[in-house]
Amino acid sequence: MNEGLQKNWYKIVVSVVLLAMIGTFVYMLFFKDKGREIGIIKKAPEFQLQNIDGRQIGSEDLAGKVKLVYFFFSTCPDVCPPTTYTLSKIQDALIEKGGFGEKTAIASITFDPTKDTTEQLQEFAGRYHVDPKGWYFLRGEEAATMDLAKQFGVMVVKDPKADTFTHNNVILLVDKKGDLRTYYNGSDPNLDVEQVAQDMIQLSKE
């Protein structure tokens, strides 16, 4: 593929990702009702990935827990660090409510394992007072992880020339039975972390 075609292809794919982002946000703005019971979207895909402590963590290990799943990469220049900070506030709210690590958990999954080595993820996690008993930073093969993200409904595109990624910035809520229940806009500065934590507590009682 020559350079001109490659640039056009990348622009087209990024446009598709942006449309997917808009579609997700429209869904959240007009169809998600906080006062309504959170329905089931679909069965969440299963996975088995390496945690920052070297252990293999998968869907079976998180069964019985309500999870937030977030796809990211630590060298992200914009949305990933502030969204991870938001997740840290949700973690704090869950710890305060009790049961974090036992009834609720967070899984941050990188789709850039080349840069996000175990050491890099440990350093990144250390910026956000991560509680390792309930918050996992996971990595696997790049192609497989990008495919996993797409199975979850997260659009990811790699720009090989710039060696970076474009993705829609959503936090996924998965119940203890492994069903995907809803999406939260990770870029929303007004995202109610207490409401997210309460959603998780509510689902843990189902």
Checklist entry - If you round to the nearest 0.5 Å, how far is OG1 of Thr110 from CD of Gln50? => result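 Here the interatomic distance stands at 12.0 Å.
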
Checklist entry - Atom OG1 of Thr104 and atom CG of Leu203: how far apart are they, to the nearest 0.5 Å? => result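 Going from the OG1 atom of Thr104 to the CG atom of Leu203 covers 11.0 Å.
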
By side-chain contact (heavy atoms from CB on, under 4.5 Å) - contacts of [X] (at least two apart):
{"X": "Lys97", "result": "Glu194, Ala197, Gln198, Ile201"}
{"X": "Lys177", "result": "Asp175, Asp179"}
{"X": "Gln151", "result": "Pro45, Asp147"}
{"X": "Glu46", "result": "Ser59"}

Listed by chain and number, what are the side chain to side chain donor-acceptor pair (under 3.5 Å) partners of [X], not counting sequence neighbours?
{"X": "Ser74", "answer": "Asp116, Gln120"}
{"X": "Lys42", "answer": "none"}
{"X": "Asp112", "answer": "none"}
{"X": "Lys89", "answer": "none"}

Checklist entry - Can you find a side-chain donor-acceptor pair between Asp199 and Tyr184 that sits under 3.5 Å? => result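 Short answer, yes.
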
With distance as the sole test, does [X] use its side chain to make a donor-acceptor pair with the main-chain N or O of [Y] at under 3.5 Å?
{"X": "Lys176", "Y": "Glu206", "answer": "yes"}
{"X": "Asn51", "Y": "Gly54", "answer": "no"}
{"X": "Asn168", "Y": "Met155", "answer": "yes"}
{"X": "Thr86", "Y": "Pro82", "answer": "yes"}
{"X": "Thr83", "Y": "Gly186", "answer": "yes"}
{"X": "Arg181", "Y": "Val174", "answer": "no"}

Item to check | Parallel, tilted or perpendicular: rings of Phe111 and Phe73 (30°, 60°) | outcome: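 Because their plane-to-plane angle lies in the 30° to 60° range, the rings of Phe73 and Phe111 count as tilted.
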
Checklist entry - Are Leu94 and Tyr85 connected in a single hydrophobic cluster, I mean Ile/Leu/Val/Met/Phe/Trp/Tyr linked by side-chain heavy atoms less than 4.5 Å apart? => result yes

Checklist entry - For Phe100, what residues pass the ring-ring contact (aromatic ring centres under 6.0 Å, His included) criterion, not counting sequence neighbours? => result none

Item to check | Partners passing ring-ring contact (aromatic ring centres under 6.0 Å, His included) against Phe124 (at least two apart in sequence or in another chain) | outcome: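 Partners of Phe124 under the ring-ring contact (aromatic ring centres under 6.0 Å, His included) test: Phe72, Tyr128.
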
Checklist entry - Which pairs, with at least one residue in residues 127-142 and sequence neighbours excluded, count as a salt bridge (Lys or Arg N to Asp or Glu O under 4.0 Å)? => result Glu123-Arg127, Glu142-Lys158

Checklist entry - Can you list every pair that meets salt bridge (Lys or Arg N to Asp or Glu O under 4.0 Å) and has a residue in residues 58-70, with sequence neighbours left out? => result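 Sorted result for residues 58-70: empty, none.
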
Next on the checklist: Would you say that more than 12 heavy atoms from the other residues, nucleotides or ligands in this model lie under 6.0 Å from the CD of Glu96, or not?
Outcome noted: no

Checklist entry - For Leu68 and Tyr70, what are the C-alpha separation, side-chain angles and deciding distance, and is it a side-chain contact (heavy atoms from CB on, under 4.5 Å)? => result CA-CA 7 Å; Leu68 292 179; Tyr70 179 57; over 6 Å; no

